[in-house]
Amino acid sequence: MRRGQRFDPTAADRPVLVFDGVFKAYRPDCPVLRGFSLTIQRGEFMFVTGPSGAGKSTLLRLLYAAEQVDAGRILFLGREVGRLTQDSVPFLRRNIGIVFQDFKLIENFTVLENVGLPLQVLGLPERVVNLRVGEVLERVGLGGRGHERASVLSGGEKQRVAIARAIVSEPALLLADEPTGNLDPQLAVDILGLFEDIHATGVTVMFATHDRSLLDIRPRRVVVLDEGRAFDVPQGLEGAALGAA
Amino acid sequence: MRRGQRFDPTAADRPVLVFDGVFKAYRPDCPVLRGFSLTIQRGEFMFVTGPSGAGKSTLLRLLYAAEQVDAGRILFLGREVGRLTQDSVPFLRRNIGIVFQDFKLIENFTVLENVGLPLQVLGLPERVVNLRVGEVLERVGLGGRGHERASVLSGGEKQRVAIARAIVSEPALLLADEPTGNLDPQLAVDILGLFEDIHATGVTVMFATHDRSLLDIRPRRVVVLDEGRAFDVPQGLEGAALGAA
Amino acid sequence: MNAFDRAFRAMRSDLEVHLLSIFSVGVAFVCLVTAMLVVVNVQHVQDRWQHIGKLSVYLNANTAPERINDLDTALRATPGVSGVRYVPSEEARRELMSDHGDDTLAALPEQAFPASLEVDTQEALTFEAREQMAKQLQILPGVESVETYANWSAKLATVFSGGVTAAAVLTLIVLGAVVSVVSSTIRMALQKRHVEVEVLKLVGATDSYVRGPFIVEGAAQGALGAVVALSLVGALYSFVRGTFEAHLTALLGVNISFLPWTLSAGLLLGGAALGAGAAYLSLRRLLVV
Amino acid sequence: MNAFDRAFRAMRSDLEVHLLSIFSVGVAFVCLVTAMLVVVNVQHVQDRWQHIGKLSVYLNANTAPERINDLDTALRATPGVSGVRYVPSEEARRELMSDHGDDTLAALPEQAFPASLEVDTQEALTFEAREQMAKQLQILPGVESVETYANWSAKLATVFSGGVTAAAVLTLIVLGAVVSVVSSTIRMALQKRHVEVEVLKLVGATDSYVRGPFIVEGAAQGALGAVVALSLVGALYSFVRGTFEAHLTALLGVNISFLPWTLSAGLLLGGAALGAGAAYLSLRRLLVV
Ligand SMILES: Nc1ncnc2c1ncn2[C@@H]1O[C@H](COP(=O)(O)OP(=O)(O)OP(=O)(O)O)[C@@H](O)[C@H]1O
Ligand SMILES: Nc1ncnc2c1ncn2[C@@H]1O[C@H](COP(=O)(O)OP(=O)(O)OP(=O)(O)O)[C@@H](O)[C@H]1O
Ligand SMILES: [Mg+2]
Ligand SMILES: [Mg+2]
């Protein structure tokens with residue numbers, strides 16, 4: 001889909017992602033998202049924050065079609081996610097790199113195999129896959145750990161493997177759900193730097209996190225989810241009226 | 001074992017936990033713990049910190065006999081953990097409440113069932129179990145969520161269920177492995193408060209975390225693990241010579 | 001919740017897999033039940049033939065009626081003999097023909113059917129005593145030959161021991177199949193529930209607490225498999241019995257019967273024990289967490 | 001890695017469960033293979049009896065040698081007759097006794113064994129033609145009766161159709177058992193690997209990419225199960241053949257034989273198709289992630 005830019009000169013100007021009045025409720029009495037609207041331009045870097053259970057993960061899940069909206073619509077590159085056929089969902093997901101909050105590593109696969117999965121699925125030759133995976137593991141500080149099984153890794157190492165898998169296929173959109181929750185502060189800053197580097201290559205990034213210290217490092221657009229509503233803070237939380245609640 | 005105090009007047013003075021020259025290596029070239037020694041008195045509250053992969057989780061796993069030391073010994077209430085027979089390990093674990101870094105919830109059980117497990121295992125009657133579980137869920141802010149399946153919870157909710165399960169059986173020793181990694185700052189402080197309340201009832205607490213802001217809230221004993229060595233900082237990191245890693 | 005509740009819960013949540021596995025165990029048991037059914041009925045036939053205590057004293061074609069009378073009287077006086085009946089040549093022919101309805105036999109000339117004295121002996125009489133009696137009768141004048149049906153008994157014994165061997169071989173195969181189905185189901189249940197097992201052990205459950213429900217599940221699979229097999233074969237049996245009973249009774253000389261309830265109950269218990277054992281063995285590795 | 005590599009990897013990592021399941025499928029197939037073996041051999045016997053085209057013309061005891069000669073000549077001249085042999089009474093007795101080794105028959109008087117003309121007819125001769133011929137022979141003087149063995153053929157046909165029915169019922173049960181074993185294994189493999197499946201789908205794998213290895217595993221289980229059954233029954237067959245060949249050949253009149261390779265190959269392919277189908281069906285739910 002990224003190649004599509006060449007053929008459609010207006011594509012670069014269109015927002016990469018549009019949430020338009022999205023409602024989502026798992027239980028009727030307690031909706032998670034109530035009329036959530038948001039437009040994200042190509043190449044933006046955006047934080048999503050909010051208290052536990054506010055709906056950050058839900059927002060991302062709707063995006064990669066693991067959940068369906070109850071009302072409203074989500075447009076990714078102009079296409080409505082909720083209307084994709086069963087067969088085209090995999091092609092949507094190939095354009096999105098996702099760091100899952102619970103990592104979702106395959107425990108009995110090696111680190112190499114876990115990280116290489118998005119490339120395997122594309123049918124790339126083994127050699128190319130291994131080369132690319134090796135590079136990415138270096139970037140997350142796990143060079144040389146490729147042949148260990150995912151189950152023996154520490155919490156932070158697993159998280160970095162999950163990050164490596166999300167970026168290995170150079171997706172157009174990167175969704176990171178609490179990707180630094182198990183990392184020490186130094187490593188968290190390093191990983192944030194990695195996301196910024198990737199962002200610098202033109203990738204759109206949505207970064208869901210609780211970590212206020214990360215939000216404060218550089219003023220970025222922040223979306224705060226709370227009680228089913230979203231507050232959009234274009235230039236970071238610094239000085240904004242939202243306290244530490 | 002807590003009742004044992006009544007019959008052994010010296011027990012209260014004995015350290016609850018002694019690490020004595022503990023070595024542990026998963027790979028021969030790269031030991032995780034090299035001669036780790038530490039004495040923890042009954043009723044202490046202690047942080048364990050260190051960079052990702054430093055061996056925090058390993059330290060705790062050795063304690064509840066999920067791993068064996070390579071050299072040295074660990075004494076819990078005067079008994080050597082590494083020498084416990086297969087049959088007495090369950091009785092060791094009944095005295096320890098553990099919050100696992102990866103939660104270890106049973107996804108297809110309800111929250112009630114997950115939290116009630118340590119009491120079920122003791123053979124307590126259903127009524128007592130439900131009463132106690134209800135109380136504990138209130139304390140972690142999940143009152144009324146008992147009948148949901150663990151798999152539908154958000155990351156932070158899962159973490160709180162894991163905390164509830166660790167404290168439900170009122171253990172003598174509480175091990176918490178990164179128990180606030182998925183919680184927003186406010187909730188993290190609340191949970192730390194919960195641990196302090198429990199600590200106030202005489203429970204010994206070991207709290208492994210990366211979160212520097214938690215370490216700074218109150219000066220506590222901190223053990224910093226790094227490169228296989230431990231640095232013991234009796235009154236918090238404030239002013240100590242250890243920078244941000 | 002005790003082990004039964006927990007096992008029941010697990011089986012319900014995985015109902016389809018458990019039903020499939022019970023059916024597989026059942027298919028294995030069907031072979032065994034069928035073989036046992038055959039063995040039981042052959043045993044009946046054999047018992048009947050061994051206890052029927054019949055001797056046929058074939059007479060020379062030209063034996064005088066008085067000699068026959070003498071023989072009759074002598075036989076009746078012999079200890080162990082409970083009845084003697086004279087069957088003339090024509091009657092023998094008729095009897096044989098009505099028994100077999102076979103045209104080939106009809107073609108045989110009348111001389112093929114010698115007159116005989118049919119001797120019924122007391123049931124208590126041993127096989128050896130009858131053979132002895134037959135030897136003594138053989139040398140009497142007018143007696144052509146004596147048939148003790150030892151031959152038939154021997155044949156039946158061969159069939160019977162063949163049946164028993166087949167049943168034994170089948171039992172082994174079935175044991176293997178049941179153990180393999182149950183252990184693969186349990187192993188997979190274990191893999192599926194490995195988090196549950198791990199968590200249970202970490203919160204202080206003893207090995208027996210963890211194992212309990214799996215063993216109950218194994219036992220239930222074995223027992224229910226046996227029930228499935230008994231029902232299937234039972235249904236088949238009543239169908240066969242309903243349709244062919246007359247023929248079978250005529251052919252075998254005894255009413256066919258289903259497995260006695262003791263054997264059925266034994267199968268059920270055996271299935272349960274086997275399933276529990278298979279589960280227990282598959283769980284051995286579980287001891288280490 | 002293609003679907004085969006991935007399936008192979010999964011089966012290796014779960015070797016025991018897969019072996020157990022293959023064995024269970026094998027046991028189910030053993031029943032089928034055995035039934036087929038019986039059917040195939042009964043078919044051979046039936047073919048042989050239907051084509052053997054033998055007639056026995058039993059002669060009256062007092063038929064003069066010239067009449068026998070006349071009959072012989074007349075028979076040889078009949079179209080469709082390929083050979084005639086005269087079996088006198090004593091020879092008939094000897095033959096029967098050597099065939100059956102039965103003492104009861106020895107007790108029969110010589111008259112029980114009428115002399116006969118054994119007529120061999122050409123194989124091409126239909127059943128009806130032989131019956132017709134028998135009717136015509138029947139009314140000739142000196143002929144006591146004519147045996148066309150139609151009776152035997154009819155009996156064999158009954159046994160054969162019984163065998164076919166049994167094989168069909170068994171086929172159904174076996175299909176059920178194979179499908180149940182394979183689908184429970186696949187379902188459980190799926191449950192065990194649900195994280196793998198979920199992750200694959202989330203990183204953009206198509207449904208067919210996800211399904212591939214499971215279907216390969218199902219097919220492998222079905223096919224290997226058939227191989228196990230063929231080997232087991234094959235081993236049993238060669239043992240039986242080695243030990244009892246002479247008896248069986250004498251009894252049946254034909255050499256017993258194993259399943260033709262086409263049928264064996266068919267079983268193998270059928271097993272694979274069945275396994276793949278069962279796997280496919282169990283995977284249907286997988287479509288939704
Ligand atoms: N599949 C589901 N079924 C029912 N309820 C669900 C489901 N998934 C999420 N929820 C509920 O929806 C709410 C929002 O969940 P979500 O995972 O989006 O929160 P979050 O903002 O990611 O929280 P956290 O920071 O704790 O991860 C939670 O209360 C959760 O229990
Ligand atoms: N079972 C195992 N086999 C091999 N290596 C292991 C095993 N468990 C842990 N390790 C390795 O030992 C090191 C320490 O792991 P541990 O989980 O104790 O780290 P940690 O301090 O908890 O890190 P984190 O903050 O990331 O959770 C890591 O490099 C990890 O890969
Ligand atoms: Mg979340
Ligand atoms: Mg850890």
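The sequence lines fix the lettering, A, B, ..., with proteins before strands; numbering per chain opens at 1. All values below come from the heavy atoms of this structure, side chains included, with hydrogens, waters and symmetry mates left out.
Of the residues considered (B:T209, B:L183, B:D177), B:L183 shows the highest number of contacts with chain A, using heavy-atom pairs under 4.5 Å. Ranked by non-hydrogen atom pairs under 4.5 Å with chain A, the options B:G55, B:S213, B:S154, B:A188 are led by B:S154. Ranked by non-hydrogen atom pairs under 4.5 Å with chain B, the options A:E157, A:Q159, A:K56, A:R145 are led by A:R145.
Atom CG of A:L153 sits about 11.5 Å away from atom OG of B:S57, to the nearest 0.5 Å. Considering NE2 of A:H210 and CG of B:D211, their distance stands at 11.5 Å, rounded to 0.5 Å. Going from atom CD of B:E178 over to atom CG of A:D184 covers 9.0 Å, rounded to the nearest 0.5 Å.
Closest non-hydrogen pair, B:L187 versus A:S52, comes out as CD2-CB, 3.6 Å.
With no hydrogens or angles considered, a side-chain donor-acceptor pair links A:Q101 and B:N182 at under 3.5 Å.
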